[in-house]
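The structure appears right after this line, and notes come after that.
Letters go in sequence order (proteins before strands), and every chain restarts at 1. None of these values were measured; they are calculated from a predicted model.
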Amino acid sequence: MYVGLTGPKHSKIMIVGEAPGENEDREGLPFSNNGVSGKTLNWLLSQAGINRAECLIVNVARKRPQFNRMDQYFLDKECTMPKPELSGWIQELKEDIERNKPNVVIGLGSYALWALTGEKAISKFRGYTIPSNLVQGQKVICTYHPSNINREFKNFFPTLMDLKKAKFHSKHPQMPVDNRIIIPDASREQFINYCREILIDPGKKVIGLDVETVQPGSHISIIGLGHSRNYAMSTWIMRGMSPCYPENDEFELWYWIARVLEEKEIIIQNASYDAIVTMLNHGIHIKRIHMDTLIAAHIVWPELPRDLGFLASICLDVPPWKHFNTQHPSYYNACDVCNMYGIADVLSKKLNEVNQTDVYNWEMRQLPPAMMLQLQGTLIDEDERLRLLKEVEGIIESTEKGLEELFGKKINYRSSKQLQQLLYTDLNIPTQYKRRKKASDERKITTDKNALKYLERTVKDNPGFTLILEHKKNLTLLNFLNVDISPEGKVHTSYNITGKKIDSKDEDDEGRKSFGRWSSSESIILPFGSGNLQNIPEITRSMYIAPKGFRIITSDYIQAEAVVVAYLSNDRRMISVFKESFGKTTSERKKHKEWDVHILKAADLFSVDINDVTPKMRKVGKTIRHARNYDMGPGTLSDHLGCSLGEARSLLKRDDIANPLLKIWQASIIEELRQTRTLANLFGRQHRFLERWGDSLFKSAFSYKPQSTIGDLMNRSIVRMYEDNEIVDLIHLWLQLHDAVYVLVKDTDDTMYEAMHYLRKHMREVIMVNHEEMIVDSDFKYGYNWKDLREVDYVS
DNA sequence: GATTTTACGTA
DNA sequence: CGTACGTAAAATCT
């Protein structure tokens, strides 16, 4: 059935969808209240404060396409050449707009965007106010289609923001005024003059900075500066790999840039990168950072993308500019500066509004130690690396031979496809499926570690599984051993305070989460090593060594997350265990079974005296505690314990009866979420959970407070150590592993004990939980490489 | 050649 | 139906 325009004439808002669906087709109404998309649209509009009854509603295509697919209406695969039928409908749309003259047209989905503006990439252009190329002077705002929200719930929030922006724009027909003065491709003289102007004008107090770099070497090709959200200038330093100016001329340019960067307050997006580049390549130290917009955005919206394109779409009303990236890089850079400045204004207001300025300031203080650690790197024992590599390669070779003999053929055990063929087709072994996150997810065949372990203990007379498991393990070890080492014999990692996934293009099933822990990834500036230093397997840690004359000390928060859970759930028994054992040395702790939380848990579960708990029972206790704290299911628990599903079920049930407090606490978390979908950790760091209401959201939420509290606790102690002037010559930060810190000290026992005094001082922080003081204790180890570390007793 | 999927290491 | 994180290689798409 033909589905045309509905709604009151001359409405201020016209909504344009893509094509009618089943219900629309039957009823002849766009976005029918009975259809899925219609229902979602109604919900979105009500959240945004838009009254559907006051809107004109229409689709680009006026008849339901075959298989509900818009590409049916195009001649080409890329969907750029419409068939005559669709062209006719677009003409009708044009006439509908001209006849009604709405103040704003809201386009839903990429085909609406295309019909209204000629652009195709909805994720790039959503949220921007753009002029229509269909009807001259018509204002358009596009966003995701409701059916997309149903598939990818993470797009809900941006869509809501876009609709709110559209509501604002429905009050008047004018395009937003663009007052920006953007000066790209400035000459050297022009840029130097601008720097001098900034330096002498006390009104130009806060300066925006952005650099573009070329790899390898992270050389700066373009630099942009700006003194307001409406003024920025950029200039070329290098084109490709060749400098634009003779050395002296470039030096003069840098002299003036350096003065600006050293004398003014700077706004920057991701100081960790830009500031290291200016320091390393040009010796410029940015002294005062007014704001890092990446960090501010991380505090305000930890669940959202943090690239400038996305932030501008929800903070500002400027034209899209990211597509100039390749067309006109210098203009792109200057736009970045202006818009970053504008975003910074919005973010500082937001920080106040949501009461997160304090959390933001703590996070900013993490920048210097994080940058230092990236630059410093970690020394590698090349002999040890080669020894390990040779050893692993040797084992791999012989295992490969063994497997070939066993199965009569050679396959690539890195290939899941080939392994599936071998096991499930050739050998007829029962097919294993991946554990699903939701019952509605489709079952996927797998040959991963868990599946092989399950087969190893359930399938009789199949000696191969153990060997395959061993082989796969060794193959992954190669990734950690085959790494490039810097000329100084080091590897480097980038510690990311806000996590690495900052880009709106980085798709992720459940959207972004950032719980305030640092992540570690490849350093673009110093690309040596395996990148992430927080997932190095234990065996390969022996190649990471202290420099000559130094030793490594590590201090680890003891049972960190379990302590937090105990206090949060008001588990008096656990709290008193943690209090009694607090401040005791490692060897003392080992003597007292009543301080061992895993033994206690096992004694409970098996109804035995703590003195009768066997090591095996203790292991079960440990696993159950873990499982329960994070709401693990019986399937995964049986994998961990290597027991049957029934046994796992009954263990969980027994623990549930023995410790009912945990369930009560988890219920309180759900209640907290229900109010505002926002949780705060024990340092006040907030996180809003935008995923769909349900178990997977709850599980993530249960882990938030313990995990992020310990992350903050660790990072705050690192900040205190880095800022403590008394210990600059005593303690050198080395590694951060979420709940452990590694430092280097001079290789004497006296120095070690002195260092431990300060480590303890900075790591112990009183945290108030339900009007009670909580301190997480830490223990110590020392050694000369990352793997072989010895426990050391220290009493403060 | 670019993008998606699968798997895996740590806390 | 533990969570969080980043990376490598295979598989798949264009």
Could you pull out the protein-nucleic contacts involving nucleotides 10-14 of chain C (nitrogen or oxygen on both sides, under 3.5 Å)?
{"unit_1": "dA10(C)", "atom_1": "OP1", "unit_2": "Asn412(A)", "atom_2": "ND2", "d": "2.7"}
{"unit_1": "dA10(C)", "atom_1": "O3'", "unit_2": "Ser415(A)", "atom_2": "OG", "d": "3.3"}
{"unit_1": "dA11(C)", "atom_1": "OP1", "unit_2": "Ser415(A)", "atom_2": "OG", "d": "2.3"}
{"unit_1": "dT12(C)", "atom_1": "OP1", "unit_2": "Lys417(A)", "atom_2": "NZ", "d": "2.8"}

Do the side chains of Tyr424(A) and Gln432(A) get nearer than 4.5 Å, heavy atoms only?
yes
How many whole angstroms separate atom CD of Glu303(A) from atom P of dT3(C)?
19 Å
Spacing of Asn629(A) atom CG and Ser569(A) atom OG [to the nearest 0.5 Å]
7.5 Å
Less than 4.0 Å between a side-chain N and a carboxylate O, is that true for Asp777(A) and Arg760(A)?
yes
With nearest nucleotides of DNA chain C determined for Ser700(A) and Leu645(A) from heavy-atom distances, which residue corresponds to the more 5′ nucleotide?
Leu645(A)
Between the protein and nucleotides 8-11 of chain B, list every N/O to N/O distance that falls short of 3.5 Å.
{"unit_1": "dC8(B)", "atom_1": "OP2", "unit_2": "Lys449(A)", "atom_2": "N", "d": "3.0"}
{"unit_1": "dG9(B)", "atom_1": "OP2", "unit_2": "Lys449(A)", "atom_2": "NZ", "d": "2.7"}
{"unit_1": "dG9(B)", "atom_1": "N2", "unit_2": "Asn535(A)", "atom_2": "ND2", "d": "3.4"}
{"unit_1": "dG9(B)", "atom_1": "N3", "unit_2": "Asn535(A)", "atom_2": "ND2", "d": "3.0"}
{"unit_1": "dT10(B)", "atom_1": "O3'", "unit_2": "Arg541(A)", "atom_2": "NH2", "d": "3.0"}
{"unit_1": "dA11(B)", "atom_1": "O3'", "unit_2": "Asp739(A)", "atom_2": "OD1", "d": "2.3"}
{"unit_1": "dA11(B)", "atom_1": "O3'", "unit_2": "Asp739(A)", "atom_2": "OD2", "d": "3.0"}
{"unit_1": "dA11(B)", "atom_1": "N3", "unit_2": "Arg517(A)", "atom_2": "NH2", "d": "3.1"}

Which is more 5' along DNA chain C, the nucleotide nearest Gly529(A) or the one nearest Arg435(A)? Just name the residue.
Arg435(A)
For residues 466-478 of chain A, which residue pairs qualify under side chain to side chain donor-acceptor pair (under 3.5 Å), counting only residues two or more places apart or in two chains?
Glu456(A)-Thr466(A)
Please state whether the phosphate of dA4(C), meaning OP1 or OP2, lies under 4.0 angstrom from any side-chain nitrogen or oxygen of Ser708(A).
no
Could Asp381(A) and Arg387(A) be called an ion pair, given the rule that one side-chain N must be under 4.0 Å from one carboxylate O?
no
For DNA chain C, just give me the dot-bracket, please: Watson-Crick or G-U, both distances below 3.5 Å, ( ) intra-strand, [ ] crossing earlier pairs, | paired with another strand, . unpaired.
..|||||||||||.
Qualifying residues under side chain to side chain donor-acceptor pair (under 3.5 Å), relative to Asp292(A), sequence neighbours excluded
none
Name the orientation class of the two ring planes belonging to Phe689(A) and Phe515(A) (parallel below 30°, tilted from 30 to 60°, perpendicular beyond 60°).
perpendicular
How about Trp301(A) and Phe310(A): are their ring centres within less than 6.0 Å of each other?
no
Pick one: which of Tyr273(A), Trp734(A), Trp518(A) meets ring-ring contact (aromatic ring centres under 6.0 Å, His included) with Tyr495(A)?
Trp518(A)
Salt bridge (Lys or Arg N to Asp or Glu O under 4.0 Å) pairs, two or more places apart, involving residues 696-719 of chain A
Glu672(A)-Lys705(A), Arg685(A)-Asp712(A), Arg716(A)-Glu765(A)
Donor-acceptor contact present, side-chain Arg541(A) to main-chain Asn785(A), <3.5 Å
no
For atom OH of Tyr424(A) and atom P of dT6(B), their distance in whole Å:
13 Å
Please give, in whole Å, the distance from dT7(C) P to Leu533(A) CG?
11 Å
Measure the distance from CG on Leu697(A) to P on dT3(C) and round it to the nearest whole Å.
12 Å
